[in-house]
Each structure stands twice: as structure tokens, then as C-alpha cells.
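Structure record follows, encoded as C-alpha cells.
When reading the values below, keep in mind they use all heavy atoms of this one structure, side chains included, and skip hydrogens, waters and symmetry mates.
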Amino acid sequence: MYELKALSRDAIPEALSKVERYRLLNEPAEAESICRDVLRTDPDNQQAVVMLVLTLTDQFHRGLSAKEAKDLIPRLQNEYDRAYYRGIIAERWAKTLYEHDRPGSASTAYAFFREAMDWFDKAEALRPPGNDDAILRWNTCARLLMRDPRLQPRPEEGTEALLLE
């Protein structure tokens, strides 16, 4: 086993800029590794926590679970951030399910889009002046739901039973 080397505090700003670069290059595993190095040196670094959430969601399509990203949310110190990034996690999970197009995935994706929209509603109520990010994300989810008729809630079991009778 290898012993990881520690990042110096002075290197954190440049390391965080590399996270953005690696995300833009579609290399989320590299970005994730840097976030983890920053957080080993500065466990309360809010920018690194946010970026780690994002790098994990960047890897959903590769089979990564949403659990670890959700587990990071309590580390965010700001209530707005906690709501907004819970919405991001749900939205990106919904998009991953939607893109896989397996039986039942559209209705499951619908449920996660709606969950994301609920989180974005909460974030909107908490947003600082001039920050409409939650509104932009909510609108994106709404447009996806309006555009694709497959994105519908799962039929209620009781309703389905009545229809079959």
C-alpha cells in the first residue's frame, strides 16, 4: 500500500484551479483526487467540498453511486449551498438514469428531476441577492420534463388496479 503525500497549504489555491481544468478536460477522477488532497490538508475548505461533490456527480455515468456525494452535503456550512448542491446531485442522477434508457428509468428519472426541483425551490428561498442559479437549474429540469413525454411519474398502484378491472 502507498502512503499518500501531503499537499502544502500554500499550494491549495493552485490545486483548486487544477480541479476546474481537469473537470473541463473531462477527467473527473483526477479532479476528485486533487479535491481529496486539499481536504486532507484543509478539511473545512468549502470550495474543495463543493468541487468534490461536483467531481463525484461527473462520474455518475461511470457507475459511481450518489451516496458519497450526498454524504458530503452536511460538510457545507451554508444552508443555501446544502439545498442547492442536493438539487445538483438529484438532477445529475436523474440525467444519468434518463440517458441509460432502461425499462422504468424514465419514471425514476422523473422522480429525481422533481426532487431536484424541490431542492432548487428551497435554495431559491435562501439565495443571496443576485444569485439566480437555483432558478436556472429549476428551469432546466422543467424544460427537460416538458420536452420528453416519457418523463412521467410512475402510475399509482391503486389507479393501475382500477384501470385493469
Side-chain angles (χ1 to χ4, degrees), residues 12 15-36 38-39 42-156:
I12 289 175
L16 291 173
S17 72
K18 286 181 186 350
V19 171
E20 284 298 321
R21 206 165 311 133
Y22 281 122
R23 287 191 68 226
L24 290 172
L25 292 170
N26 197 27
E27 296 182 354
E30 290 78 358
E32 175 191 349
S33 180
I34 294 169
C35 290
R36 293 184 187 286
V38 169
L39 290 169
D42 182 4
D44 296 324
N45 188 300
Q46 294 297 283
Q47 187 179 3
V49 174
V50 165
M51 290 178 151
L52 182 55
V53 167
L54 294 174
T55 63
L56 292 171
T57 65
D58 289 341
Q59 297 176 77
F60 284 169
H61 69 281
R62 295 179 179 165
L64 197 67
S65 162
K67 183 185 179 332
E68 187 175 4
K70 286 180 187 176
D71 289 348
L72 289 166
I73 296 300
R75 292 179 65 179
L76 294 171
Q77 297 167 352
N78 179 297
E79 191 175 351
Y80 165 81
D81 287 341
R82 288 191 297 272
Y84 180 76
Y85 288 103
R86 276 301 305 256
I88 292 289
I89 293 166
E91 178 188 6
R92 290 184 173 184
W93 188 252
K95 286 178 180 176
T96 299
L97 293 170
Y98 177 67
E99 290 167 4
H100 279 84
D101 197 28
R102 294 187 178 119
S105 64
S107 58
T108 305
Y110 171 88
F112 280 103
F113 279 124
R114 290 297 308 146
E115 179 183 331
M117 293 167 80
D118 289 344
W119 283 111
F120 293 141
D121 279 337
K122 290 175 185 164
E124 179 186 354
L126 300 165
R127 76 186 190 273
N131 182 341
D132 285 347
D133 290 350
I135 292 170
L136 296 171
R137 301 309 304 201
W138 192 97
N139 286 346
T140 297
C141 292
R143 284 187 179 99
L144 284 168
L145 293 176
M146 291 185 293
R147 185 178 303 140
D148 190 336
R150 295 176 303 144
L151 290 168
Q152 296 292 322
R154 194 170 264 120
E156 295 296 324

- prompt: To the nearest 0.5 Å, how far apart are CG in Asn45 and CG in Leu16?
  reply: 5.5 Å
message: If I compare all heavy atoms of Arg82 with all of Pro74, which pair ends up nearest, and what's the gap?
response: CD-CA, 4.4 Å
statement: Tested for ring pair (Phe, Tyr, Trp, His ring centres under 6.0 Å) against Phe120, the lone hit among Tyr85, Tyr84, Trp138 is Tyr84
- prompt: Thinking salt bridges, do Glu115 and Arg86 make one under a 4.0 Å N-O criterion?
  reply: yes
- prompt: Hey, are the side chains of Val53 and Ile88 touching, using non-hydrogen atoms and a 4.5 Å cut-off?
  reply: no
- prompt: Which atom names give the shortest non-hydrogen contact between Thr55 and Arg23, and what distance separates them?
  reply: CG2-CD, 3.7 Å
- request: Report the distance from atom CD1 of Ile34 to atom CD1 of Ile12, rounding to the nearest 0.5 Å.
  value: 12.5 Å
- prompt: If every non-hydrogen atom of Asp81 is compared with every non-hydrogen atom of Leu76, which pair is closest and at what distance?
  reply: O-CD1, 3.8 Å
query: Would you call the rings of Trp93 and Phe112 parallel, tilted or perpendicular if under 30° counts as parallel and over 60° as perpendicular?
result: perpendicular
field: Considering all heavy atoms, the nearest Glu124-Ala134 contact
entry: N-CB, 3.8 Å
field: Over 12 foreign heavy atoms within 6.0 Å of CD, Gln46
entry: yes
- prompt: CZ of Phe60: more than 12 outside heavy atoms within 6.0 angstrom?
  reply: yes
- request: Mind checking the CZ-CD spacing from Arg21 to Glu27? Nearest 0.5 Å is all I need.
  value: 11.5 Å
Leu52/Leu56 under side chain to side chain contact (heavy atoms under 4.5 Å, CB included): CA gap, chis, key distance, verdict: CA-CA 6 Å; Leu52 182 55; Leu56 292 171; 4.1 Å; yes
Gap between atom CZ of Arg143 and atom CG of Asp148 - 0.5 Å precision: 16.0 Å
- request: Would you mind checking if Asp133 and Arg127 are paired as a salt bridge, meaning a charged N to carboxylate O distance below 4.0 Å?
  value: no
- prompt: Roughly how far, to the nearest 0.5 Å, is CZ of Arg137 from CD1 of Ile135?
  reply: 13.5 Å
query: So, Glu68 and Arg36, do they make that salt bridge, N to O below 4.0 Å?
result: yes
task: Carefully, step by step, assess Arg114 and Leu145 under the rule side chain to side chain contact (heavy atoms under 4.5 Å, CB included).
output: CA-CA 9 Å; Arg114 290 297 308 146; Leu145 293 176; 4.0 Å; yes
message: Strictly below 4.0 Å, N to O, side chains only: are Lys95 and Glu99 in salt-bridge contact?
response: no
message: If you apply the rule side chain to side chain contact (heavy atoms under 4.5 Å, CB included), what do you find for Thr140 with Glu91, and how did you get there?
response: CA-CA 9 Å; Thr140 297; Glu91 178 188 6; 3.9 Å; yes
task: Mind running side chain to side chain contact (heavy atoms under 4.5 Å, CB included) on Arg92 and Leu54 for me, showing each step along the way?
output: CA-CA 10 Å; Arg92 290 184 173 184; Leu54 294 174; 3.7 Å; yes
query: Hey, is Arg75 close enough to Asp44 for a salt bridge, meaning N to O under 4.0 Å?
result: no
query: Where do Tyr110 and Leu151 come nearest, in terms of heavy atoms and distance?
result: CD1-O, 3.5 Å
query: Going by heavy atoms in the side chains, are Lys18 and Glu30 under 4.5 Å from each other?
result: no
statement: Between Gly87 and Ala116, the two heavy atoms sitting closest are O-CB, 3.4 Å
task: List the steps, then state whether side-chain hydrogen bond (donor to acceptor under 3.5 Å, both in side chains) holds for Arg150 with Ser107.
output: CA-CA 8 Å; Arg150 295 176 303 144; Ser107 58; over 6 Å; no
field: Pairwise distance OG1(Thr96) to NE2(His61) - rounded to 0.5 angstrom
entry: 8.0 Å
field: Asp71 and Lys67 ion-paired at < 4.0 Å
entry: yes
